[in-house]
Engineer: 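Pasting a structure below so you can have a look.
We count ligands from 1, going down the list as the structure has it; atoms in each ligand are counted the same way.
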Amino acid sequence: MRITLSILKADVGSIGGHTKPSEGMMEATRRAVADAIDKKLLIDGYVAHTGDDIAMIVSHTRGADNDDIHQFAWQTFLGATAIAQKGGLYGAGQDLLVDAPSGNIRGAGPAVAELEFDHDPVKTNPVRPAESFMVFAADKCGPGAYNLPLFLGFADPMYCGGLMLPQMIQGFRFNIIDMDHTEGDSIIELNAPEDVYKIAMLLRDNERFGIDSIYSRRYGEQAAAVSAQRLHSIAGTYTGKDDPVALVRNQRIFPAPEELVSPFTKAHYIGGDARGSHVMPLMPVPINTPVTGIYCLPLVSCVGFSLDADGCFSNEVVDIFDNPAWDYVRIRAQEKALAMRDQGWSGAAMLPYNELEYSGFRDTVEGLLSQFSVRNGHEAATMSATSSSQ
Ligand code: 13P
Ligand code: MG
Ligand code: MG
């Protein structure tokens, strides 16, 4: 069968500031997913939150960008918004940026990542005798939060020894999106290993370029899908963080879970955090963790799934970062966070002017710029020098 995995995620309200959605919102979302399974729109679904963002992970046979699936998600987010509004929660409906998208909700605010593939998990299937995948969800993060970890997991044998195996040695194709381009998706295809320097040159810029998808070059199978978009490019102003999600298939012809998560031990610095305008390390956390740390330390969760022959998820999922191994990384992330917070607003602690997501910061600078005046008549001197040379 041809199966599609979709992750649809939005921040539609949270308790006590932007920390986590209420249990009422979560329950309503779970009920909506159960109802859609009963009505055969979905095969299966799983609902969880990372910080204040609710994510629905669903399987179905309708393909990517399907209007019915996307409209179901939009209506479900509207339902959770109504509960947030009634309870007086913060930021009710925050990520629903347009009034009523007619079909596909890409570009309407919620983060969407989708993977479509042939699903025939039998022992004799040489490519995918079993289907396993992981879902990453990040909160308080800029759009390129996965650039470095996915690059290392799919292109660097220091992190993924599996790249040296025959089924992966031809490498992976990276589709990279220019998120500054708002008229349609602007994509470049680059191949690892031969293009790794070019890939790195783009992916170093987490605010502009993001991984859109990754494909196995030997098998043509899609390995990963990432929601790479900028909310402020949609809304024209700051409305919240981009908080990207990613779907990553693993094992056999793809890297193994341990290879894919090992780059997250870095707790690398990314943009986002408080008011979407600072730089802090990415801390791996268990699923359903609220944001309560200093300066909105960015969080990432990772849940592992298996898919049966009918496209149903395994009864249990595995919460990858809910393990003592990651306690050490969390301490490290906290230490890195404190080191950065030591310098407050200075230099690298805040994003550069053009990346300050909170547009009010730019308004403050603009207001001050208009009050500058040139000292010592230097400008007049320059002007007269120019005019005398004519
Ligand atoms: P969210 O988009 O997760 O609400 O983050 C907003 C923010 O700027 C935190 O300070
Ligand atoms: Mg929020
Ligand atoms: Mg959020």
Engineer: Is any NZ, NE, NH1 or NH2 atom of the basic residue among R128 and D120 found under 4.0 Å from an Asp or Glu carboxylate oxygen of the other?
Structural biologist: no

Engineer: What atoms in ligand 1 come closer than 4.0 Å to a heavy atom of D52?
Structural biologist: 1 (P), 3 (O), 4 (O)

Engineer: Restricting to N/O/S, name the atom of D53 that gets closest to the Mg ion (ligand 3).
Structural biologist: OD1

Engineer: Restricting to N, O or S atoms of D139, which is nearest to the Mg ion (ligand 3)?
Structural biologist: OD1

Engineer: With a 4.0 Å cut-off on heavy atoms, is D273 in contact with ligand 1?
Structural biologist: yes

Engineer: Are the charged groups of R30 and E27 less than 4.0 angstrom apart, N to O?
Structural biologist: yes

Engineer: With atoms numbered from 1 as shown, which atoms in ligand 1 lie under 4.0 angstrom from a non-hydrogen atom of Q94?
Structural biologist: 1 (P), 2 (O), 4 (O)

Engineer: Is it the side chain, the backbone, both or neither of H18 that has a heavy atom closer than 4.0 Å to ligand 1?
Structural biologist: side chain

Engineer: Ion pair present between E116 and R62, side-chain N to carboxylate O less than 4.0 angstrom?
Structural biologist: no

Engineer: Do R217 and E194 sit within salt-bridge range, that is, some charged N less than 4.0 Å from a carboxylate O?
Structural biologist: yes

Engineer: Looking at the Mg ion (ligand 3), which N/O/S atom of D52 is the nearest one?
Structural biologist: OD1

Engineer: Of all N/O/S atoms in D11, which lies nearest to the Mg ion (ligand 2)?
Structural biologist: OD2

Engineer: Is the positively charged end of R249 above the ring of F117, judged by distance under 6.0 angstrom from the centroid and angle within 45° of the axis?
Structural biologist: yes

Engineer: Judged by atom type as modelled, is there a donor-acceptor pair below 3.5 Å linking the side chain of T50 to the main-chain atoms of D139?
Structural biologist: no

Engineer: Could you tell me whether the side chains of N175 and D212 share a donor-acceptor contact shorter than 3.5 Å?
Structural biologist: no

Engineer: Compute the shortest N/O to N/O distance between D53 and ligand 1 and return yes if it is under 3.5 Å, no if not.
Structural biologist: no

Engineer: Report the part of D243 in contact with ligand 1, treating N, CA, C, O as backbone and CB onward as side chain, heavy atoms under 4.0 Å; options are side chain, backbone, both, neither.
Structural biologist: side chain

Engineer: Can you sort out which atoms of ligand 1 are near C296, meaning under 4.0 Å from one of its heavy atoms?
Structural biologist: 9 (C), 10 (O)

Engineer: Below 4.0 Å from ligand 1: does a non-hydrogen atom of A274 turn up there or not?
Structural biologist: yes

Engineer: Looking at K140 and D273, is any side-chain nitrogen of the basic one under 4.0 Å from a carboxylate oxygen of the acidic one?
Structural biologist: no

Engineer: Distance check below 2.8 Å: does D243 bring an N, O or S atom to the Mg ion (ligand 3)?
Structural biologist: yes

Engineer: Given D35 and R31, is the salt bridge (Lys or Arg N to Asp or Glu O under 4.0 Å) satisfied, shown in steps?
Structural biologist: CA-CA 6 Å; D35 189 47; R31 268 200 315 273; over 6 Å; no

Engineer: Under 4.0 angstrom from ligand 1, any heavy atom of G276?
Structural biologist: yes

